[in-house]
Amino acid sequence: MNTRIKQTDLELIQGDITKAEVDAIVNAANSELIGGGGVDGAIRRAGGTAIENACAEIRRREGGCPTGKAVITPAGDLYAKYVIHTVGPVWEGGNSAEAELLASCYQESLRLAVENHVQSVAFPSISTGVYGYPTEKAAVVALTTVKEFVEQNNAAPTTIQFILFDEATRTCYQDAQSVVFAK
Ligand code: APR
């Protein structure tokens, strides 16, 4: 399902983000930037050592990446040129600024995309796996934040994809899309 916001096509796709034919893919990383499971493991396996080497350099230089922030590395063997690593919040019940931190992940990732002249970017569903953020809530935050960013930034990427791994996640994002774009 596609939606157009100003110059940007917003696409919801079910699939594997490592296969995305875009300029940059976003990784749901951890603060240490040390490879984990889920989408992080899949991206690092497919991208090879270039990603780990660049993450190691950021660890040495900056100590990692705080929750709600993002860093950018090359994408090694992937089609994409860059991986933008962002650190989502761990769900703790909803009263620990989880929504603000999750929104910040999407804003900071898109800010880095613009800085690096990225025209097309693909996001996974950040925080809704190991970090336990309820997907129907996360989907509303994700789509609202992306919509607002595009409305406020003329240099936003012209293609923004959400690549959702399973059908349940895709359904949550489609439902959220109906709500967010009905406003
Ligand atoms: N493509 C797209 N989405 C994927 C893929 C893939 N190849 N593999 C997994 N996913 C989906 C999951 O199904 C889930 O919907 O990504 C979403 C996010 O799940 P996680 O990868 O567990 O990310 P998150 O909840 O943010 O947890 C981050 O997990 O892997 C570790 O190092 C990572 O510690 C960090 C934590």
Side-chain angles (χ1 to χ4, degrees), residues 1 10-49 51-56 58-59 62-73 75-80 82-94 96-110 120-143 145-146 159-177:
M1 278 215 321
L10 178 67
E11 303 171 2
L12 304 187
I13 298 162
Q14 190 175 336
D16 176 356
I17 201 166
T18 65
K19 307 275 197 298
E21 296 193 353
V22 289
D23 296 341
I25 64 171
V26 178
N27 181 21
N30 55 60
S31 292
E32 292 75 33
L33 300 176
I34 290 172
V39 73
D40 191 5
I43 289 172
R44 284 163 180 269
R45 275 193 303 278
T49 50
I51 298 177
E52 172 47 28
N53 292 343
C55 284
I58 295 168
R59 277 199 299 277
E62 300 168 29
C65 178
T67 303
K69 302 288 188 210
V71 296
I72 191 163
T73 69
D77 301 332
L78 296 175
Y79 176 97
Y82 300 111
V83 178
I84 297 171
H85 306 259
T86 190
V87 182
V90 176
W91 180 254
E92 290 175 15
S96 302
E98 291 95 328
E100 290 79 358
L101 288 165
L102 186 61
S104 174
C105 288
Y106 288 98
Q107 286 157 356
E108 291 291 307
S109 298
L110 287 169
S120 53
V121 60
F123 285 96
S125 177
I126 296 161
S127 277
T128 66
V130 175
Y131 283 179
Y133 205 122
T135 308
E136 59 287 356
K137 288 186 169 50
V140 173
V141 173
L143 294 176
T145 307
V146 167
T159 301
I160 300 179
Q161 299 179 340
F162 279 86
I163 306 218
L164 308 161
F165 206 42
D166 53 64
E167 196 175 339
T169 305
R170 181 173 55 83
T171 302
C172 281
Y173 276 72
Q174 278 176 355
D175 291 349
Q177 188 184 34

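Order of appearance sets the numbers: ligands from 1, and atoms from 1 within every ligand. As a basis for the values below, the full set of heavy atoms in this structure was taken, side chains included, without hydrogen atoms, waters or symmetry mates. Note that the structure is predicted; figures quoted are calculated from it, not measured.
Contact between L12 and Q177 at its shortest, heavy atoms only, is CD1-OE1, 3.5 Å. The two residues A139 and A176 have their closest heavy-atom pair at CB-CB, 3.7 Å. For the residue pair A70 and C65, the shortest heavy atom distance occurs at N-SG, 3.7 Å.
Shown in contact with A42 at under 4.0 Å from a heavy atom are these atoms of ligand 1, numbered in order with element: 7 (N). Using a 4.0 Å cut-off to heavy atoms of G38, the atoms of ligand 1 that qualify are 8 (N), 9 (C), 21 (O), 30 (O). Residue contact check: D16 has heavy atoms under 4.0 Å from atoms 1 (N), 6 (C), 7 (N) of ligand 1. Using a 4.0 Å cut-off to heavy atoms of G36, the atoms of ligand 1 that qualify are 30 (O), 32 (O).
At the shortest separation from atom 23 (O) of ligand 1 among protein heavy atoms lies A28 CB, 3.6 Å. Remark: minimum distance from atom 14 (C) of ligand 1 to any protein heavy atom is reached at T128 OG1, 3.9 Å. Protein heavy atom closest to atom 35 (C) of ligand 1, with residue, atom name and distance, is Y131 OH, 3.5 Å. Taking atom 22 (O) of ligand 1 as the reference point, the nearest protein heavy-atom neighbour is V130 N, 2.8 Å. Looking at atom 16 (O) of ligand 1, its nearest protein heavy atom turns out to be V39 CB, 3.9 Å. The protein heavy-atom contact nearest to atom 25 (O) of ligand 1 is G129 N, 2.8 Å. What sits closest to atom 11 (C) of ligand 1 on the protein, heavy atoms only, is F165 CB, 3.9 Å. Of the protein's heavy atoms, S127 N, 2.9 Å lies nearest to atom 26 (O) of ligand 1.
For the residue pair S125 / Y173, a side-chain donor-acceptor distance below 3.5 Å is found, with atom types taken as modelled.
With rounding to the nearest 0.5 Å, the separation of CG in L33 from CD in E52 is 9.0 Å. Here OG1 of T169 is found 10.0 Å from CD of E136. Values are rounded to the nearest 0.5 Å. Taking SG from C55 and CZ from R44, the interatomic distance works out to 4.0 Å, rounded to the nearest 0.5 Å.
Residues I84 and V71 are not in side-chain contact: their nearest non-hydrogen atoms beyond the backbone lie 4.5 Å or more apart.
For ligand 1, the polar-atom distance check finds an N/O of G37 within less than 3.5 Å of one of the ligand's N/O atoms. Of the polar atoms of I17, at least one N or O is found under 3.5 Å from an N or O of ligand 1, judged by distance alone.
Residue contact check for ligand 1: S125 places a non-hydrogen atom closer than 4.0 Å to it.
In this structure, the side chain of D166 does not engage the main chain of R170 through any donor-acceptor pair within 3.5 Å.
By heavy-atom distance, the residue among D40, L33, L164 lying nearest atom 33 (C) of ligand 1 is D40.
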Stepwise, does the side-chain contact (heavy atoms from CB on, under 4.5 Å) test hold for H85 with T73? CA-CA 8 Å; H85 306 259; T73 69; 2.9 Å; yes
